[in-house]
Structure formats: structure tokens, C-alpha cells
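In what follows, a single structure is set out as C-alpha cells and then discussed.
Order of listing sets the numbers, starting from 1, for every ligand and every atom in it. Bear in mind that the values here come from a model prediction, so they are computed numbers and not experimental data.
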Amino acid sequence: MRVSLIIPAAGLGSRFQQSLKNSDKAEALRCLNKQASRSKLSYELDGEPVLLKTLRAFSKVPEIRETVIAITPAMRPELKKWAAEIKNPGVRWILGGKTRAGSVLNALKKTSPASDWIMVHDGARPLVTFDSIKQVLKAAKDWDGVILARKVVPTIKKVMAGNGHILETVDREPLYEAETPQLVRREVLLKAYKQNPKALEATDEAGLLEAVGARVRVVAHNGWNPKLTTATDLALAEAVLCRENTHLGLGTRDSGLEGYKARGEGRGASPALRFGIGFDTHRLVKGRKFYLGGIVIPSPKGALGHSDGDALLHAIADAILGAIGAGDIGEWFSDRDPKFKNIRSTKILRTVLDEAKRRGWKPYHVDTNIILETPKLYTHKPRIRANVAKCLGLPEKDVSIKARTREGLGPEGEGLAVTCEAVVSMKKVAL
Ligand code: MG
């Protein structure tokens, strides 16, 4: 089975833009803060643009040999920017038509005649699972087309046009809501476009095929594969992914560890919580100020270092870098670089926090150990805690400072060094 994938992504997103102006104000404002007036497919979902997430779902499907994306001219620079992130085989983009069916036809003309099947999937349906795609492919044998669909759940009323008078409650038993992917035989789809004068008005491929008497079936699923039409849809999808990602192992079909693994293959979701561990030791010498947590502790000895030697802030900064996978502070602030001589560690922490924010993460809790023989920190701990909380932008209740001695053992016990450890919990920053 050789399949060409077509992604119609040339919609103007007018309902999405309208929703930003009208009823979805709360979500809209959050979105607008960051990403005003762009295509809805450029908006971020779970840390990546919607269109990239959609494409990722298909990147490891072996039957798919090429991918043609139908776009608007405005999306061209965006796609160029993302090109390195797109791992799908044989990706090309072309200009879409005035309607969805027009876009699909433009793309269809560009697909390889070597493909016997065409799979069409909406650019704005990023939550499709690898399993669903495989099921559609598996069901295609002996049929002209297969579409993913969901059983209609709400009660449906048929009403009189104009006054809303209910004529009948429709039997929903045989009703299915058409979704994508839709998989169709290439030659049958070409024929359908040729024979149907109203082809360019069709809202889905199955409809085109039905019109020429082809045999099309549904594959039903129970998951959630919405087309993101309004800002509320996007906010909902973000909330659902965030919840799934933070409840790994709780085990429903789609949200448990198995679901997560499947998504790892299919759409590459990353958990919305991360944890980083940090550690630092500094030698204690006479004639240096003793910085801990950004404040000076009265002491005859201070920490030796290229910077101000604040082992606590270094441990916290390293934990943050660990959580976001950005190396360690040695890579960011080399002790061989003269420009970092005597740098304040509060500045190091600020740089690291900015990088975390740039990548969409922020700390929500930190736990620390300070291992030091003298001076005793009992009276200083509240000040250290208050200042670390201030540096991290956290309430004090979410900052823990614990002080230990080594009972006279080892370099810390002998008063030669201070050691600090930190565990930082980070969360994904919402839209
Ligand atoms: Mg250090």
C-alpha cells in the first residue's frame, strides 16, 4: 500500500479569528498576548505549532510515502522556518484553492501516480492518534474509501426552517460524525473530481466518492480528534493535553502510560511537569564575603569562586537547567571567561530563568539542602528563604531551605567547604 498524504491547511481560519473577537474573550486574550493575528495553525499547542503537531502524528506511518501540504501564501515563511522540525517523508507545500476541496484537488495533482491511495487529514486536527491512522489503513482493503468517524452522541432534532418548530427526534443509532483522516483510492478520487461539477463545494472526500457511487466505510473511534475551529477549542485541547501529560500512569485508554507511549510515537507529546536536580560545593576561605541564596551571611570565611561563590543559587540554577535540558551553569558561565569574574549569582539565576521562560517553563517549587558546619544558619534561614523566593518569583511557601551539618566529618564538617543541593519542579507555561 503506497499512500500520499494531503494536508489541507489553506483555510483562512475566519471562525477562529472571529472567536478571538467575540465570545471566547478569556482564551482569546491569552492567545493574543503572544501570537496576534496569525493563522490558527501557527498557534502553539503543547509547546509546538498546531500544524507541526498534526504532521508529527503521521511522521512514522510507514505506508505514507509523501506529504503535500496546501497552504495560504502567508504561511510560506512560517513553514520555511519550521522546515527542520518536519520529519515526514517527501514533504512539499503548494498553494491551496478557494475551498477545502479546491485545495485537495491542487494537492492531488501534485501527488505521485505511484501512490495507489490518498489520505487527507485536516491541518487543524492535531490530536489524531497513531492507532486511529493505522486502523483506517487496515480497514481499506475491498473498499474505495475509509474515513475516521465518531458515533453521534447528542440528541438530534430535525426542525422546520425559520421558526425552529421540532418536526422529529432523529434516530441517532446510524449516525456518525465524519472526521479525518479520510483514505481514498487515488483513481476513484480523480474520477470523482472529474465527474462531479459541484466537486469544489464538497466538504469532505467521502462525500465526493459517494456522489460517484463508490463504496466508502467508516472506522469508528472513541477518542477525541476535534477540528480546532475556535480559540476555545484550542484552549480546551491545551488543557486536555496538559492533564494527560501530568497524569501519566493513571491508566484510561488514552491518558495512561500506554497512551503516552503511543503518543510518543504518534505525536510526541511531552509531560507538562519536569524536575531538575542541582549540586554545588565551594571551598571556604578567609577574606571573602559569604553569599548564600543571594544574601550575605556574617562569617569569618566566605566561599571561594570565580563568581560570588553562592553555592545555593548555583545548585538551584543547575537544577533549572537540568529540568529544561539546557546543560549546566559551567557551560553557560565558564569560570575561565573573565567577563564572569565576580558575577553575582542572582544574575546567573536570572539568565537561567529567562532561558527557561523562553522554552516555556517556570519553577513552581524548590527544595534545598545546605550542608555547612559554621556559622549556624538557624537565624538566617528565613532571610535566605525570602530572598530565594523573590529571585524565583515564588511565594515563600513553595521554597524550602534545609540546613544540615556533617557532625564534624568530611570537608564540610571540618569547615573547609559549603555544599548545596536543590530539586526544582518546573511546569509548562500555559498559552
Ligand atoms: Mg558554584
Between D122 and R100, is there a side-chain N and carboxylate O pair less than 4.0 Å apart? yes

Quick check on the 6.0 Å ring-centre criterion: do F58 and H121 meet it? yes

List the residues meeting ring pair (Phe, Tyr, Trp, His ring centres under 6.0 Å) with F275, not counting sequence neighbours, and say none if there are none. none

Within the structure provided, determine whether F333 and I343 are in side-chain contact (heavy-atom separation under 4.5 Å). yes

Taking everything shown except R76 itself, do over 12 heavy atoms lie less than 6.0 Å from its CZ? no

Are S115 and S112 close enough that a side-chain donor and a side-chain acceptor fall under 3.5 Å? no

Starting from the Mg ion (ligand 1), count all protein N, O or S atoms within a radius below 2.8 Å. 3

